[in-house]
Structures are given as structure tokens and as C-alpha cells.
Q: 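I have a structure I would like to understand better, so I am pasting it below and will then ask my questions one at a time.
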Amino acid sequence: MQSSQRRASGVPEPVLSSIGAEAGLTVEMARVVAGARRRALRDGDRQIDTAHLLHSLLEADPEVRAAFEEGPQVAKVLGYLVQRSIGYGLRWQADVEGAAGQTPVAGWSPAAVSAMEGARARAAERGDPEAGGTDLLAALAVDRDCRAVEVLRRAGVDPGLLAGRLCAAAIRRG
């Protein structure tokens with residue numbers, strides 16, 4: 001069954017997981033992915049994209065929320081993410097997020113797969129076999145063309161500064 005098919009009722013079929021995108025996840029990251037999958041289904045999207053991942057991260061991981069500057073940044077980001085299904089995000093439904101010509105991988109946009117791979121690489125660089133929420137947030141923040149970065153920018157968050165704070169925090173933790 002393809003992830004882009006719809007049931008006769010108009011409800012999308014379940015978004016299938018990608019073995020590669022979800023391999024070796026911590027329990028916490030598996031919850032983030034499950035939340036992103038639910039959002040994709042609810043929004044009628046054919047694949048999990050980086051905005052789904054960002055939304056799920058912000059809701060599930062206090063360390064991710066703490067990575068943002070003081071003040072209303074998290075609330076603003078969540079506000080834009082909530083508007084996704086009723087506002088500017090509607091234009092995303094027709095397009096696959098990622099590099100031109102790339103095909104979604106089993107229910108994931110190419111950009112979301114790349115973010116998951118980037119999170120794993122970041123964890124591996126510090127010798128950790130499993131990526132955490134801040135690893136994924138950092139991987140999202142450095143992809144200038146992904147939907148998560150578009151949301152961050154609209155909410156007044158500088159993705160470069162966010163990625164820098166996450167890198168500095170990882171170095172301090174050692």
C-alpha cells in the first residue's frame with residue numbers, strides 16, 4: 001500500500017516508516033517520529049517533512065524547547081506550525097520537500113531523511129550511537145532550504161544562531 005493513497009473516505013492511508021530513517025532511534029526519538037507521522041496523517045500530507053519533525057520535537061522534548069532564546073520564540077514557532085493546516089502550509093501539500101528530482105522514501109520527504117541522517121552523524125561525532133532531540137534540531141537548523149527553517153525564520157528565529165547554540169552546548173557537555 002502506498003503512503004500517498006487515500007481511503008474511499010478521503011482519510012489518507014497510514015504513512016509508512018522508512019527502515020533507514022527510523023533505525024536505531026531512542027525511545028524519545030521514536031515518540032518524536034510517531035508524533036510527526038500523526039501530524040502528517042492529520043494534515044493530509046503524503047510524507048513526514050521537516051516541519052512535522054520540528055513540531056513534534058517542540059512538543060516532546062524540553063531540551064529542544066530550552067535551546068531557543070528566552071521569551072516567546074517557542075510560542076511563535078508553535079503558532080506558525082499550528083497554522084500549517086489552515087494557512088501558508090497548504091501550498092506544501094502539493095510538493096515534496098527536498099532536492100528537485102528526489103523521491104520521498106517510504107513516507108518521508110528527502111529533506112526529513114537527510115535531517116535524520118544529520119542527527120545520527122552529529123551523535124556519532126561525539127561518540128554516541130543514538131541521536132537525541134537536539135541533534136535533530138541542529139540538523140534541521142542547518143538545512144537552509146527545509147520547511148522547518150522556513151517556519152523558524154517566519155517566527156523570528158535565526159537558524160544559524162540556533163545551530164551555533166546547539167553546537168556550543170554539545171561541546172560544553174563534552
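We number each residue from 1, following the sequence as shown. For clarity, every value in this text was computed on a predicted model and none was experimentally measured.
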Q: Could you pull out the closest heavy-atom pair between G118 and A139, with the gap in Å?
A: C-CB, 3.9 Å

Q: Quick check: is L136 connected to V74 through a chain of hydrophobic side chains (ILVMFWY, heavy atoms under 4.5 Å apart)?
A: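 Yes.
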
Q: Kindly indicate whether the side chain of P159, heavy atoms from C-beta on, has any atom under 4.5 Å from the side chain of R144.
A: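 SC-SC contact between P159 and R144 ruled out.
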
Q: Would you mind checking if E59 and R65 are paired as a salt bridge, meaning a charged N to carboxylate O distance below 4.0 Å?
A: no

Q: After noting the C-alpha distance and the side-chain angles of E117 and R122, does the key distance pass the salt bridge (Lys or Arg N to Asp or Glu O under 4.0 Å) rule?
A: CA-CA 9 Å; E117 290 169 350; R122 188 173 188 268; over 6 Å; no

Q: Report yes or no: does R147 contribute a side-chain atom to a donor-acceptor pair with the main-chain N or O of D49 at less than 3.5 Å?
A: no

Q: Do any N or O atoms from the side chain of Y80 and from the backbone of L152 form a donor-acceptor pair under 3.5 angstrom?
A: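 No.
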
Q: Any side-chain heavy atom of D43 sitting closer than 4.5 Å to one from H52?
A: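 Yes; the side chains approach each other to less than 4.5 Å.
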
Q: Could you point out which residue of V64, L53, L58, V142 forms a side-chain contact (heavy atoms from CB on, under 4.5 Å) with L137?
A: V64

Q: Restricting to non-hydrogen atoms, name the atom on A112 and the atom on I48 that form the minimum distance, rounded to 0.1 Å.
A: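 Nearest heavy atoms, A112 then I48: CB-O, 3.6 Å.
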
Q: T50 and E150: side chain to side chain contact (heavy atoms under 4.5 Å, CB included), yes or no, with the steps?
A: CA-CA 10 Å; T50 60; E150 182 179 340; over 6 Å; no

Q: Under the side chain to side chain contact (heavy atoms under 4.5 Å, CB included) rule, what do D61 and E28 come out as? Steps first, then yes or no, please.
A: CA-CA 8 Å; D61 192 330; E28 294 80 14; 5.9 Å; no

Q: Any side-chain to backbone donor/acceptor pair from D143 onto D145? Under 3.5 Å, distance only.
A: yes

Q: Is there a side-chain contact between Q83 and R154 in this structure, where contact means two heavy atoms from C-beta onward sitting under 4.5 Å apart?
A: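 Q83 vs R154: side chains apart.
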
Q: Is there a side-chain contact between W108 and V33 in this structure, where contact means two heavy atoms from C-beta onward sitting under 4.5 Å apart?
A: yes

Q: Are any of the side-chain nitrogens in R39 or D45 under 4.0 Å away from the carboxylate oxygens of its partner?
A: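 The answer is no: the pair does not qualify as a salt bridge.
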
